[in-house]
Amino acid sequence: VQLQASGGGSVQAGGSLSLSCVASGRILNILHMGWYRQAPGKQRELVASVTDKGSTNIADSVKGRVTISLDNVKNTVSVQMNGLKPEDTAVYYCNAELYVIEDDSGSDLQYYGMEFWGKGTQVTVSS
């Protein structure tokens with residue numbers, strides 16, 4: 001399984017950016033997908049996540065400025081970030097918890113659950 005992120009970049013304060021992440025591989029089901037971020041000298045923190053049922057978890061620091069959505073068919077999570085602030089500057093990481101097919105050759109489907117991380121993408125907000 002791979003997580004391929006796109007989007008990010010540089011924007012002035014008050015601007016908007018969108019991030020997308022596609023999960024590929026032998027995926028049986030998505031449990032949840034989301035985005036985390038890590039600023040220099042800080043711990044990685046949740047930005048927003050969404051379950052396969054559509055339940056969302058959005059960090060207080062971005063609440064009201066971030067919208068997250070999941071396309072279960074395309075295995076894609078997208079986040080729209082508006083009203084960006086300099087403190088939003090960080091490396092953003094896609095995260096997914098998936099059921100992955102291990103063996104579908106027999107009568108019983110074998111699969112396992114696992115968490116995956118994508119490579120980070122830089123978001124820089126200038127004042």
Side-chain angles (χ1 to χ4, degrees):
V1 171
Q2 288 189 331
L3 301 183
Q4 182 66 49
S6 61
S10 298
V11 67
Q12 288 194 330
S16 298
L17 281 175
S18 62
L19 303 174
S20 289
C21 176
V22 180
S24 61
R26 305 196 75 200
I27 298 167
L28 177 63
N29 190 36
I30 295 171
L31 296 177
H32 61 79
M33 292 185 74
W35 290 91
Y36 285 70
R37 67 185 182 185
Q38 188 167 18
K42 294 189 176 182
Q43 289 188 331
R44 191 173 295 188
E45 62 178 7
L46 172 72
V47 177
S49 66
V50 57
T51 72
D52 61 325
K53 301 297 188 294
S55 296
T56 60
N57 185 13
I58 299 176
D60 288 342
S61 58
V62 300
K63 200 162 287 185
R65 301 190 291 122
V66 163
T67 304
I68 189 167
S69 61
L70 176 65
D71 185 329
N72 281 301
V73 175
K74 296 181 179 179
N75 293 339
T76 300
V77 63
S78 299
V79 65
Q80 176 68 37
M81 302 185 292
N82 301 319
L84 284 163
K85 305 174 182 180
E87 50 264 43
D88 294 318
T89 295
V91 178
Y92 284 68
Y93 296 90
C94 179
N95 171 268
E97 187 166 357
L98 311 170
Y99 282 136
V100 180
I101 298 170
E102 184 173 20
D103 184 357
D104 59 354
S105 61
S107 57
D108 294 326
L109 178 65
Q110 297 181 28
Y111 61 94
Y112 59 93
M114 191 166 175
E115 184 179 35
F116 297 88
W117 291 91
K119 295 180 181 179
T121 184
Q122 178 70 44
V123 171
T124 301
V125 184
S126 57
S127 57

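The structure displayed is predicted, hence computed values, not measured ones.
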Nearest heavy-atom contact between Thr76 and Ser20 is CG2-CB, 4.5 Å
Shared ILVMFWY cluster between Leu3 and Val79, side chains joined below 4.5 angstrom?
yes
Assess the side chains of Thr89 and Thr124: does a donor N or O sit below 3.5 Å from an acceptor N or O?
no
Grouping I, L, V, M, F, W and Y whenever their side-chain heavy atoms are under 4.5 Å apart, do Val1 and Val77 come out in a common cluster?
yes
Non-hydrogen atoms of Val11 and Gly15 that approach each other most closely:
CG2-CA, 3.7 Å
Please check if Tyr93 and Leu19 belong to a single hydrophobic cluster, counting links between Ile, Leu, Val, Met, Phe, Trp and Tyr side chain heavy atoms closer than 4.5 Å.
no
More than 12 foreign heavy atoms under 6.0 Å from CD of Gln2: is that the case here?
no
For residues Ala48 and Val66, report the shortest heavy-atom separation together with the two atoms involved.
CB-CG1, 4.1 Å
Atom CD of residue position Gln4 - does it have more than 12 heavy atoms of other residues, nucleotides or ligands inside 6.0 Å?
no
So if you build clusters from Ile, Leu, Val, Met, Phe, Trp, Tyr with side-chain heavy-atom gaps below 4.5 Å, do Ile30 and Val47 land together?
yes
For the CG atom of Asn75 and the CG atom of Leu98, what is their distance to the nearest 0.5 Å?
7.5 Å
Rounded to the nearest 0.5 Å, what's the gap from CE on Met33 to CG on Asp71? Could you check?
10.5 Å
For the CZ atom on Phe116, are there more than 12 heavy atoms of other groups (residues, nucleotides or ligands in this structure) within a distance under 6.0 Å?
yes
Closest non-hydrogen atom pair, Ser16 against Asn82:
OG-OD1, 2.9 Å
Donor-acceptor contact present, side-chain Ser10 to main-chain Ser126, <3.5 Å:
no
Is a salt bridge present between Lys63 and Asp60, judged by a nitrogen-to-oxygen distance below 4.0 Å?
yes
Shared ILVMFWY cluster between Leu31 and Tyr112, side chains joined below 4.5 angstrom?
no
If you count the non-hydrogen atoms of other residues, nucleotides and ligands that lie under 6.0 Å from CD in Gln12, is the total more than 12?
no
In short, Ala13 meets Pro86 closest at the heavy-atom pair CB-CD, 4.1 Å
What's the spacing between Ser49 OG and Ile68 CD1 if we round to 0.5 Å?
6.0 Å
CG of Asp52 to CD of Glu97: how many Å apart, nearest 0.5 Å?
10.5 Å
Spacing of Asp103 atom CG and Asp108 atom CG [to the nearest 0.5 Å]
10.0 Å
Verdict with supporting geometry, Trp35 and Cys94, side-chain contact (heavy atoms from CB on, under 4.5 Å)
CA-CA 5 Å; Trp35 290 91; Cys94 179; 4.0 Å; yes
Separation of Asn95 CG from Trp117 CH2 (nearest 0.5 Å):
4.0 Å
For His32 and Asn57, run side-chain contact (heavy atoms from CB on, under 4.5 Å): C-alpha distance rounded to whole Å, both residues' side-chain angles, the deciding distance at 0.1 Å, then the answer.
CA-CA 10 Å; His32 61 79; Asn57 185 13; over 6 Å; no
Checking side-chain contact (heavy atoms from CB on, under 4.5 Å) between Thr56 and each of Leu70, Val50, Thr67, Thr51, which is the one that passes?
Val50
Under the side-chain contact (heavy atoms from CB on, under 4.5 Å) criterion, do Arg37 and Val62 qualify, and how do the steps go?
CA-CA 12 Å; Arg37 67 185 182 185; Val62 300; 3.8 Å; yes
Verdict with supporting geometry, Val22 and Lys74, side-chain contact (heavy atoms from CB on, under 4.5 Å)
CA-CA 7 Å; Val22 180; Lys74 296 181 179 179; over 6 Å; no
